[in-house]
Amino acid sequence: MLRLIVDIDGEVIRKVRPVIGYLHTGIEKTAESLRYQQAVTVTDRWDYLSPLFNNHSYALAVEKLMGVEVPPRAQALRVILSELCRISSHMIWLGTSGLEMGAISMLWYCLRERDKILDLNEEISGFRMHTSYIRPGGVFADATPRFLDLLDRFINSFPASIDEYESLLSENPIFKLRTQGIGYLSREDALQLGQTGPMLRGSGVNWDLRKSLPYSGYEKYEFEAAVETAGDCYARYKVRIKELREATKILRQALDTLPDGPINVDDRKLLPPPREELDTSMEALIHHFKLFTEGYSPPVGDAYAAVESGHGENGTYVVSDGTHKPRRVKFRSASFVNLQSTERMALGGMIADLIAIIGTIDAVMGDVDR
Amino acid sequence: MALAGAVLALGDPLFSKGVDGGVLLIVVGKAVATLALLLASVVLMIWFERKIISDMQNRVGPNRAGPWGILQTLADAFKLFTKEDLLPERADRRIFRLAPYLSVVPAFLAFSIVPVGGFVTIAHHRTQLQLADPPVGILFLLAVSSIAVYGIMLAGWSSGSKYPLLGSVRASAQMVSYEAALGLSVAAVVLITGSLSTRDIVIDQHGHLAGFLPNWNVLRLGFIPFVIFLIAGTAELNRPPFDLVEAEQELVGGYFTEYSSMRFGLFYLAEFMNTITMSAVNVTLFFGGPDGPWFHSVRWLGGIVWFLAKTVVFLFSYVWLRATLPRFRYDQLMDLGWKRLIPLSLGWLLVLAAMIVSRPWGFSVVAGGLLFVALLARAVMVGRSATDELAPGPVGEAG
């Protein structure tokens, strides 16, 4: 669904023009015609490989508008689900970019681990991919004991899987030939082209939103932002592999320090009251009725919130005109911006390099076109 | 170097008493049997590859048609037969139709010189378990495998489409460059055997080396010709990691993108048949063919079993490579061929030749070679540091 118009001289690339729009779904427009709490479900489907990040940035933007902060347990759960989602997003990247370079088995090995994460998603939210788990005001459901048990097992087993991937690729001479020095992006170019995420950190810029502009309590966890300086495909590979290891570290800390308490804000204007209150409280019934017929209306204003997704800065900009539907929803998608460095990286390379470069950008077309 | 002159260069004993009706019948019978067995083994090989690779990838693989899915290939072939045979409008019709045959016929022919077993006696005619044993067997193999390039090249050329064209350009360049390395490693075998006949090569590998090791060429020639043959052979086959001719992520299907129905099937057939042939040739040249490690006399069934067992090991390793390795880039492939394999095989051939003349000659060539390599490495180092100072900056900056 990504079309590249390439001028070639033999096999050497002289010009690359990406043509996008083949997966345009009108998600921003759809979000504007839905109520605030309904729009969560469409955010799942924008960058369909990292739905939790989309939920997360949308929820943060709406919460900013409403001026609420979610309780610690909800924040910790958000972090856990986000990091799981980062791993699953990177699994797709590693599997497909291995596949694209001819290492076909990587796809199956990676999907095996991703499936465990989808099981975790299913356990906590009932859905495997489009969970709509992180919502304005908190999260959808509390973690079940089985979820925590599965998560614990996953955290224990995952480092061995990373070792396995690394043993297949990291020191593989053919893989190094195909990625080292290929798709070079200098620090300046990366900054000027607005790159974020592993694309930026692979070029030696230490910018990770979880560190630079912490949200959802990321400042409480000990981890390193993965930075490499070489600026080539191999450096970005190293960045992502290191992110997998760091994500496992964050998951371990978040699981061990998971606080007790509510998982939603105690705000009747934003979230419906518990079911049992409806039989006894008039107020609760009114709130319930208002929320399910009209929804909530944030005050007039606008807010932008961004999270560090597997692809880069995943941001949501919401404008409120005081009604129960957003006036404008704009998604700042990392893939779209990262895609514009394709030509800069590919010029002078060969067709086979272009394949490695597309893999290293890790652009999700749903994220590009929205 | 025990040149058993009496055995060498005699050819198939079948023809020693002249050619009559019976002999003709046996030859025809052998040809039909070879064809049938080769086809059957391709069917099994495709199943074997799919099954092994799915095991390596945590998958089940084919398991519907027949027990363990063993009939899956037949089902696929039947499906291909019933498909419409498309002919692209811009294709060069005659060549487009011809190309698959140019690809599949050499694949059949190449196998005919492989000795699959020892000698048998059929109705008082003693004959070899091998379709043909021409005195120029190895040359025939090289010639036939070069013809196969035409099939691929013409297929891409005549399709009238860009991806097949790129695929065929890659294919011809790749096969021509690796042919050289392949030929040089085969030359080492010919050098030590003193004959081009595959039967002689096999017979020459009988016996033991240093008492207990089999007298196989892989040991006698010091591994390097075998390794070069294995790499170059894989490249000749266009199998991973050298499968850039049909790299689907880059070139859709490569040279056979425009082919459908049984013409596509023929390419597929040729590819797997070539894989089997290459494994069989590898066994013949370097692993004693039908010669078992502790068998002195090659009894006819024992020979076939050994031959099959050794071939399957190679087939398995081809599947293994496919499951594990990423693909080379076009120019890296050329670098490997021209800058590594060809000089290495040339140098090794020189050393072997000198060793055959006499030990002192051999060691002086080794010493000379080492000196040459050291000087070359020094020159490259000096040259590289000089260019580093002049280099304008990292590649890619210019864009």
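Proteins get letters first, then strands, A, B, ... in listed order; numbering begins at 1 in each.
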Which side chain to side chain donor-acceptor pair (under 3.5 Å) pairs, counting each pair once, include a residue from residues 351-360 of chain A, with sequence neighbours left out?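 Of all non-adjacent pairs touching residues 351-360 of chain A, those that pass side chain to side chain donor-acceptor pair (under 3.5 Å) are R236(A)-T360(A), D353(A)-R329(B).
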Can you tell which part of [X] gets under 4.5 Å to a heavy atom of chain A, answering side chain, backbone, both or neither?
X       : result
L336(B) : neither
R322(B) : both
P241(B) : side chain

One pair to check against side chain to side chain contact (heavy atoms under 4.5 Å, CB included): V205(A) and L191(A). What are the steps and the verdict? CA-CA 8 Å; V205(A) 184; L191(A) 286 169; 4.1 Å; yes
For R114(A), check salt bridge (Lys or Arg N to Asp or Glu O under 4.0 Å) against everything at least two apart and list the hits.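 Here no residue qualifies.
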May I ask you to check whether F264(B) and F267(B) place their ring centers less than 6.0 Å from one another?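 No, they do not, as the ring centres are separated by 6.0 Å or more.
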With a 4.5 angstrom heavy-atom cut-off, could you sort out which part of L177(A) is near chain B: side chain, backbone, both or neither?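 Both parts, backbone and side chain.
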By a 4.5 Å heavy-atom criterion (distance strictly below it), what part of L107(A) contacts chain B: side chain, backbone, both, or neither?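 For L107(A), no heavy atom lies under 4.5 Å from chain B.
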Thinking salt bridges, do E122(A) and R128(A) make one under a 4.0 Å N-O criterion?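 Answer for the salt bridge query: yes.
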